[in-house]
Amino acid sequence: MSDPLLKIEKLTVALPSAGDRVNAVSDVSLTLDKGEILCIVGESGSGKSITASTVMGLLPSDQLKITGGSVTFDGIDLLALDENGMRKVRGARIGMIFQEPMTSLNPVMKIGRQIEEVMEAHGIAREKRQARAIELLQAVGLPEPEAIAERYPFRLSGGQRQRVMIAMALALEPDMLIADEPTTALDVTTQAQILKLIRDLQRERGMGVLFITHDFGVVADIADRVAVMQKGVVVEVGPASEVLVSPGHPYTKSLIDAVPGFREQASAGSTEAPVLKVSGLRKVYRTGGGLFAVPKEFVAVNDVSFSIARGETLGLVGESGSGKSTIGQCVMRINGIDGGKVEFNGSDIVNASGAALKAYRAQAQMVFQDPFASLNPRHKVGRSIMAGPLAHGVDTATARSRMEQLLKRVGLDASAADRYPHEFSGGQRQRIGIARALAVEPDLLVADEAVSALDVSVQAQVLDLLREIRDEFHLAMLFITHDLRVASQICDRVIVLHRGRIVEEGEVTNVFGDPQDSYTRNLLAAVPGQKWHRGEQQALPA
Amino acid sequence: MNASLRRFLTNPKAVVGLVILMLVVLAAIFAPVIFPRNPWQMASRPFLPPFQDAKFWLGTDMLGRDILAGLAYGAQISLIVGVASTVVAVVVGVLFGAMAGYYGGFVDDALMRVTEFFQTIPTFVFALLLVAILSPSVMSIIIAIGVVSWPPVARLVRSEFASLRSRDFVKAAVVLGQSNRQIIFSQILPNTMSPVIAMASLMVASAILTEAAISFLGLGDPNMMSWGYMVGAARTVIRQAWWMSFFPGIVILLVVLALNLVGEALNDVLNPRLARKGRQ
Amino acid sequence: MSSPLRAVLSRLVKSVAVVLAIVLLNFLLIRLAPGDPASVMAGQAGAADQQFMDQLREQFGLDKSIYEQAWIYLKGIAQGDLGFSYRQNTAVWQLIAERLPATLLLTVSAFIFALIAGVVMGAIAAMNAGRSLDFIISVVSLVFYATPLFWIGLMSILLFSVYLGWLPAFGMMTVGAGYTGWDHVLDVARHLVLPATTLGLFYMAVYARMTRASMLEVRDMDFVRTARAKGLKSGPIVRRHILRNAILPIITLAGIQAGQLVGGAILTETVFGWPGIGRLAFDALLQRDYQVLLGVFLITSVMVVIFNIITDLIYRVVDPRMGASA
Amino acid sequence: QSNNAARMNVIAFPEPPTLFIGLDQNGSTQTVSGKIYESLLSYDFDFTPKPGLAESWDVSEDGLTYTFHLVKTAKWHDGEPFTADDVVFTTKEFLMEVHPRARGIFQNCETIEAVDEHTVRFTLKQPFAPFLMGFEMSTAPMIPAHLYRGTDFRTNPNNNKPIGTGPFKLAEWNRGSYIRLEKNPDYHGEGEPHLDEIIFQILPDAGARAVAIEQGQVQQAQFFDIEMFDIQRLSELGNIQLITKGYEFYAPVARIEFNTRVEPFNDKRFRQAICHALDKQLFADAIFFGLGKPATGPISNRTRFYDADVKPYDYDLEKAAALLDEMGLKPDANGVRRTVKFLRLPWGETWARFAELVQQQLALIGIKVEIEPADPASWTSKYANWEFEMTSNYPYQFGDPALGVSRFFVSSNIRKGVAYSNCTGYENPEVDALFEKGATATSDADRQAAYSAAQKILVEDVPMAWLVEVDFPTLLDKGYEDVVVSAIGVNETYRKARKA
Ligand SMILES: Nc1ncnc2c1ncn2[C@@H]1O[C@H](COP(=O)(O)OP(=O)(O)OP(=O)(O)O)[C@@H](O)[C@H]1O
Ligand SMILES: Nc1ncnc2c1ncn2[C@@H]1O[C@H](COP(=O)(O)OP(=O)(O)OP(=O)(O)O)[C@@H](O)[C@H]1O
Ligand SMILES: [Mg+2]
Ligand SMILES: [Mg+2]
Ligand code: NI
């Protein structure tokens, strides 16, 4: 066997002194062959991006210093190249795609021009560039490439932009492609398309691909080989078929175990009378508007009806923009509504105000998506948790003891009360958020993407906590998520939303096991790593 | 906060700025002690050049008044006007901005139209006009500068409020049943304070510049010695007595520079991300 | 109606409303001010009696109610009449029109100087961030940012006119020289140097700081990383990607500051004896020449509004995202 | 423009609001339009009348009839001849309507008639001694009857195109920049004027004006154009001469007026204490930079009927303190006996400094002075409406106490709302009678006796503190001659002015 295309040996990159560990990556050794896809997985902060940036020579050198090791690409010592030498490699021989399609393109330059720039930088004659750019746009499956080339990025959707990025990376037919979480910001359906595109192009051109992700599902669908990183160290490398099926390292094992799968057992369901009843809900957003402009109307939620009983969890799933959060906010009275009814325990809450609204506030609570944004950074944790009870007239002593109990209940030390949110990890903050919601002793809990921002292992713990709490406090729960597997783990019933309308609804295993609507079927098909979950080894790439 | 304070105090900009400011504040406070004579009193012969008489380092002006004493007393006015007008501007700006950003919609529209309106008026011209109408005094200068300088605060606070308004912790407070007042003052406002404080220190600087310019044009308080007045009075004798306008100008420069340094350091420390955005 | 056109139109309507509001505000403010203009005029006549003052009041409509006066004034404006200066015995419009070119010449030169010098300085600083060149530029701009404009003016007169004798210190042209053609242009240019630089230095500092900050911010953005990953040379990266995006906030700022420039012009015109509307405004302020003041305010506000519309249009050209309500 | 034309650049400050002297007598208006408009007479430095548009004149024995024989060749700038009818129109109709000061003079006339085309006769109701002083250019500028008769004088379109009989015509007015006058080729004076053009440069900034005269860009500066402190330096430059003649007609006395109606200024002792506490010589030196000398009383020594033999107020803090003690005004812990307000005169830096010096000096006897700033409008209105405690002022005296001095002291001129009237509120029947006598007596000896007596009383009562007799300076390029030739100096026609 010839030399590998890329060979990283004992690479060590130091963190600036203030960091929580000495090295961002230490002693990382990896190889990538031609025509091979190597996936690097690992939790947030484990050093995946740093490794990729080092190969590309894009490390912010004023903050991060390479302190050891070598990177050899096709026989060239990349670390020894000067800026000009490296520049010739970038774009021409190694292409790169980034995670954020929304910000990775220059907002004030036309698409076509941005693609042509790569060729210009590497000396392709002017006459050829335009045709080539169109050809590339076509190759990545964009409709009307001529028109797209003339557009500015803001007119393209996230998936389309990611395709443009891929076209750009492939413009000069590089030998190697680095993709740093290229699908994380995308919808499952779009993700599936992009994954397929990368895979097809890689096959077609025989490129080596260094693919970074934190999603084992994605790994299962795309990887030839897998490298698992933890805290800057590669803990395990091997063929995907081995690592995924019989992980050798306990860390890998824990990661894989935490990956949620689809539940197979149907839930018992609740027999109680519903506490929350939503019928014919409609919500219209109006934007723009002015002297000369008629406001634009956007129907975010249309004719949605459902009900939840105590002890029951209703899932709300659908792709981004389908109106999930909007429904949650309508239910919580953060938003007004434009039609329909929302009733809680038989009383209308849409028009509730004053005391009635306040009473409702004590009964319905919410857990938010972003653990970093959901706590007031200026308030100590204890104060945040006590705010609810205090607002409802509970005396300070009671509120305090309730707060301390809850902290314990969500698995935190009582001393946490005197600390500020930034002193906690994401998972811990989410627990605090749950404690805060529970402090007013609600009957209904709305959880909007409550675990989406968390790493899989933490996600699993928080899901467990939510489940326990629901049962313990006998809560009705509205669980909003875009992740079908998570929904299937915790929900009893689920509603599938598409463009603000309900397309399918029912008991979880029914809906996910035997989808009736074509949209639901597409959604399910796009979930990565299904075959792996079902144990279909043969489907893994050899 | 302690960590920020430490970072602030180890910031070289902050150190330089604070040292200069400290000197000026001390000069202002102890002016009556160091220079017991009224700064308007004739102290020596007129047009005494600097560095010639040990008692009058910086020389005297056309009425024989001690320039150094004038500078010390002038510090009082500059600081009072700078700080007080900033307080006025911040209070008005925060109120407007908070209301607009929090309530959004019609309130926002109405308040922002008013803000835009005040931003469209050429501010310095407007300030001059106000001082002239209210008749020149420290009070009217403070009011005038305050009135023309609140819009940027309002805009800043509004945008902070608007973005914090949709932040999850604010929604959480709504859902928890806190009143609007509680949410505005205890949840959101403290979170907008860092950029406001940083902006305020920069505003003190520009208020001092504006006060100097107003006094320079002869619209200052005639009973208060101020730096702008000194440069303005010296303008006509610039050929005979360069020092009369040179020193007050240098002092203004240093103080404004110091405030800018402190403001920037605060910015660096309090909002590292915003820091680079610069002003306005 | 196409949407950009509609946006511009609504912008115009808004601007007209702002201008109207300014007219009213200033009218009220000034009318509420103490001091009776008739008594000033009478005083200047050397002696006065009641009959004479009543005559004056009647002649200038000062005996009518404030609402009537405001209404008369507004009506006049609608007909393009800015009123009549009884102090100067001339139509206000004429006074302003005579001085407007001088102010425009001064402010526009200062503005162009500030913008070009500022952006270049800021860009150089940003590209050398952390090095000594950056430090020097930062210190220089920090100092100019903190220097009172009128003082720079005085010091530059002292240095360049009095001691070095290089440049004229005052006025817009050499008095009594009667230059024509190119000589005239050169003469005015020589007179323009000091006031325009004085007025421009502060804004140069503002733009330099802003450009530097903005470029450093853009420099860390994702699309710049993309550009580097493409293998672009640093020249194109800076020009096409960083500068192009970094300039956007500066355009906005420049639009906002157009109005402030007029304020600076009052000081500059005072120091350098520049015959523009800044000077006119200040004289009018001291003399309580209401009509002139109102006129100057109106004109400067209109100038600001126009500047804002222009920047808006430029912004639309430079930033494709604007005006595209997709 | 040819460069060997005889040209003179003169500073005009502030820019005249209009050049129509009939409606506006601002200082700078006079300087510029004095070259365009003329009156019947001109006055020598000692106020001896000299021919102007009148070649000669006779006064009847009883002092009631004044007959003027006009220049026969005078023409208006539009070519129409100047006649007796113009004089009658001007003095009887025009000035009576629009010019308060002239009205004060011509209302003494029983009849004003044209005897023939070139002769005018004024008949007075009773003797009015200073009547001949009333034909100075700004008091009685001749206005063309053919353009103004029967029109609304204030809105007459000709106001913007001055038409006079003077040696110069308006050629160009570039507002904010300069006013160019050119030679009137049809001027009645034989071979006059000698200059081809006069350009008035509008230089609003004091520093700029100094540089302009220093660098020879302008050849003349007058009144307060150049800040007082700069005069000495500029006059020593070699190419510039300093002339203090030519201001006799104005001869102002810089003074502090007290509002004698309000406490404590209603007490003569308080006013006298202030007079003792102000160092007049210092005012002359520090504020007016030696361009002036300490004043002794209400009438300037340049004006007729001055009398130096009055009570002296020497600079004496002890006397001042004694007076205050006598009043029972004792110093408090801070040494302050009394806080008073000083309404600052808004005419520029000199008067700001003046106020500051008053503040400085009175502080020494325990009178704390708070300076009230004011713009021209509010100063005038506060002054006219008696809303002040003390203020400074320096009105012109117009050569004769009856014209420029009595107005501030006679009780018949206490008129609220009218500035430059008797605003101090001083009332003394004896003084009233003396001023009346001074104005109507026909012999100079009788007049002198009346005014001497009046001066004595006023200086004892001090309704004002007279500080400095101000010398206005004219800075003139040495290359020009016969520029300042009369008691109105730079406001003169310049018919004789020429390049050396
Ligand atoms: N510019 C930088 N300066 C300092 N520390 C950095 C910088 N970039 C990354 N780090 C640190 O280096 C470590 C590894 O970062 P890296 O971006 O490689 O993680 P990652 O595995 O890509 O995580 P994620 O899944 O969140 O993208 C982290 O602890 C991070 O905080
Ligand atoms: N305040 C608002 N103004 C206007 N449009 C809005 C507003 N909030 C949401 N929308 C639009 O309404 C639609 C539904 O938004 P919503 O937040 O409910 O979606 P979602 O299903 O929660 O999506 P995601 O999974 O991305 O959170 C989207 O198209 C969104 O752009
Ligand atoms: Mg990463
Ligand atoms: Mg959502
Ligand atoms: Ni010209």
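Convention: sequence-line order gives letters A, B, ...; per-chain numbering from 1. The figures here come from the full heavy-atom set of this structure, side chains too, leaving out hydrogens, waters and symmetry mates.
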Greatest number of heavy atom pairs closer than 4.5 Å to chain C - which of B:T210, B:L254, B:I121, B:I250
B:I250
Under 4.5 Å heavy-atom distance to chain C, tell me which part of B:L259 shows up: side chain, backbone, both or neither.
neither
Which atoms of C:L158 come close to chain B, meaning under 4.5 Å heavy atom to heavy atom: side chain ones, backbone ones, both, or neither?
side chain
Within the 3.5 Å criterion, strictly below it, is a donor on B:E116 or B:T120 matched to an acceptor on the partner's side chain?
no
May I ask you to name which of C:S301, C:A21, C:A17 has the most heavy-atom pairs under 4.5 Å with chain B?
C:A21
Presence of salt bridge, C:R99 and C:E269, under 4.0 angstrom:
no
Only counting residues at least two apart or in another chain, list the ones meeting salt bridge (Lys or Arg N to Asp or Glu O under 4.0 Å) with B:D61.
B:R65
Heavy-atom distances under 4.5 Å only: say whether C:V143 touches chain B with side chain, backbone, both or neither.
both
Return the set of residues passing salt bridge (Lys or Arg N to Asp or Glu O under 4.0 Å) with C:D222 (not counting sequence neighbours), or none when no residue passes.
C:R225
Top residue by heavy-atom pair count (under 4.5 Å) with chain B, among C:V304, C:L267, C:V162?
C:L267
Would you check if the distance from the ring center of B:F247 to the ring center of B:W243 is below 6.0 Å?
no
